[in-house]
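Reading through the structure tokens given below for one structure.
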Amino acid sequence: RAALAEAGRARAERLALLRPQIESFQGEEAARQAAWEALARRREDVAARREAARRSGEETGSRLAAAVERRRMLERRLDEVHRLIEDLTSERVEPGEVERLAGIEARARRGLETARRHLEVLRERQRQWREQAADQGRRLAGAQERRDTLEASISADRDRLSEVAVEAA
């Protein structure tokens, strides 16, 4: 028993001596853990920045490609416009081209004059038909009025005839 009690005291003394060392190791472990956590946060931050830079680079690349394509299309359009202007302003005129165009112009003028004459005839017909329609509308209204008057007169004559028949009977 005494040996056990002595061993318990020795153990307690050793624990008392080792506790400060253990606590210092725990403090070092906490500092080491904090450093690892800070390093992990820094890695995440660097990874997020890399991803943002990559996205920005891709976006810039796509914008550049779109601008290059727009420029290429505009240059093609400009070349086409220059070609068309050159074609229109060239002094080359075929010898028969002027006579052909003069003939086309004369036929177009004759066609235009014919169309104007026909249009005047159509407008005159339309005016006459409107006048006829208005006249017929007035005559119809008069006939309807006369019919209403005659119907009222017939109705009154029937009533009078019925009264006379009743008096005669």
Side-chain angles (χ1 to χ4, degrees), residues 1-134 136-138 140-141 144:
R1 261 189 172 163
L4 283 176
E6 182 63 30
R9 262 187 276 137
R11 186 169 159 233
E13 286 175 11
R14 261 188 275 135
L15 279 175
L17 288 174
L18 290 176
R19 272 201 184 135
Q21 287 180 352
I22 290 174
E23 286 176 4
S24 72
F25 287 144
Q26 285 178 348
E28 284 179 16
E29 183 62 28
R32 193 176 307 132
Q33 184 64 31
W36 276 109
E37 288 173 0
L39 182 61
R41 281 192 303 272
R42 177 77 175 135
R43 283 182 182 160
E44 289 173 4
D45 185 41
V46 167
R49 285 183 186 171
R50 269 193 200 141
E51 180 64 21
R54 184 192 59 77
R55 273 185 274 136
S56 176
E58 288 176 357
E59 183 179 328
T60 302
S62 67
R63 285 182 181 174
L64 177 63
V68 166
E69 181 62 23
R70 279 193 302 272
R71 181 179 179 141
R72 191 175 314 129
M73 289 171 56
L74 288 172
E75 287 173 350
R76 272 188 265 148
R77 286 182 192 161
L78 185 61
D79 290 343
E80 181 68 16
V81 167
H82 285 301
R83 188 187 60 76
L84 288 172
I85 289 173
E86 184 178 314
D87 288 349
L88 291 174
T89 59
S90 68
E91 297 297 322
R92 293 175 283 139
V93 176
E94 304 269 335
E97 189 72 16
V98 173
E99 290 86 23
R100 188 178 73 79
L101 291 175
I104 291 172
E105 181 182 10
R107 286 191 300 273
R109 288 186 189 278
R110 282 194 307 268
L112 182 62
E113 192 56 42
T114 302
R116 284 184 182 150
R117 282 194 311 269
H118 287 296
L119 185 61
E120 287 302 318
V121 168
L122 291 175
R123 284 184 179 154
E124 181 59 29
R125 282 185 193 163
Q126 186 180 30
R127 185 188 59 75
Q128 289 172 355
W129 288 344
R130 283 184 181 155
E131 287 174 1
Q132 287 176 357
Q136 289 174 356
R138 284 190 295 274
L140 178 62
Q144 287 174 340

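Excluded from the calculations below are hydrogen atoms, water molecules and symmetry mates; all remaining heavy atoms, backbone and side chain alike, are included. Position 1 is the first residue of the sequence; numbering continues from there.
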**Q.** Pairing of E75 and R72 as salt bridge, 4.0 angstrom limit
**A.** no

Q. Atom CZ of R109 and atom CD1 of I104: how far apart are they, to the nearest 0.5 Å?
A. 13.0 Å

Q: Output yes when R63 and E59 qualify as a salt bridge under the 4.0 Å nitrogen-oxygen rule, no when they do not.
A: yes

Q. Is the backbone of A52 close enough, under 3.5 Å, to the side chain of S56 for a donor and an acceptor to pair up by distance?
A. no

Q | Note, D45 side chain near R41 side chain (heavy atom, < 4.5 Å) | A | no

Q.
How long is the straight-line distance from CG of L119 back to CD of Q126, given to the nearest 0.5 Å?
A. 9.5 Å

Q: Considering only NZ, NE, NH1 and NH2 on the basic side and carboxylate oxygens on the acidic side, decide whether E131 and R127 come within less than 4.0 Å.
A: yes

Q. Got a salt bridge between E51 and R55, using NZ or NE/NH1/NH2 to carboxylate O under 4.0 Å?
A. yes

**Q.** Separation between CZ of R9 and CG of L4, rounded to the nearest 0.5 Å
**A.** 11.5 Å

Q. Could you state the interatomic distance from CD (E99) to CD (E97), rounded to the nearest 0.5 Å?
A. 9.5 Å

Q.
Are there over 12 heavy-atom neighbours, none belonging to R54, within less than 6.0 Å of that residue's CZ?
A. yes

Q: Can you measure from CD (Q128) to CZ (R123) and round to the nearest 0.5 angstrom?
A: 15.0 Å

Q) Are side-chain heavy atoms of D79 and R83 found at a separation under 4.5 Å? A) no

Q.
Quick check for you: to the nearest 0.5 Å, what is the distance between I85 atom CD1 and E80 atom CD?
A. 10.5 Å

**Q.** Stepwise side-chain contact (heavy atoms from CB on, under 4.5 Å) test for L101 and E105
**A.** CA-CA 6 Å; L101 291 175; E105 181 182 10; over 6 Å; no

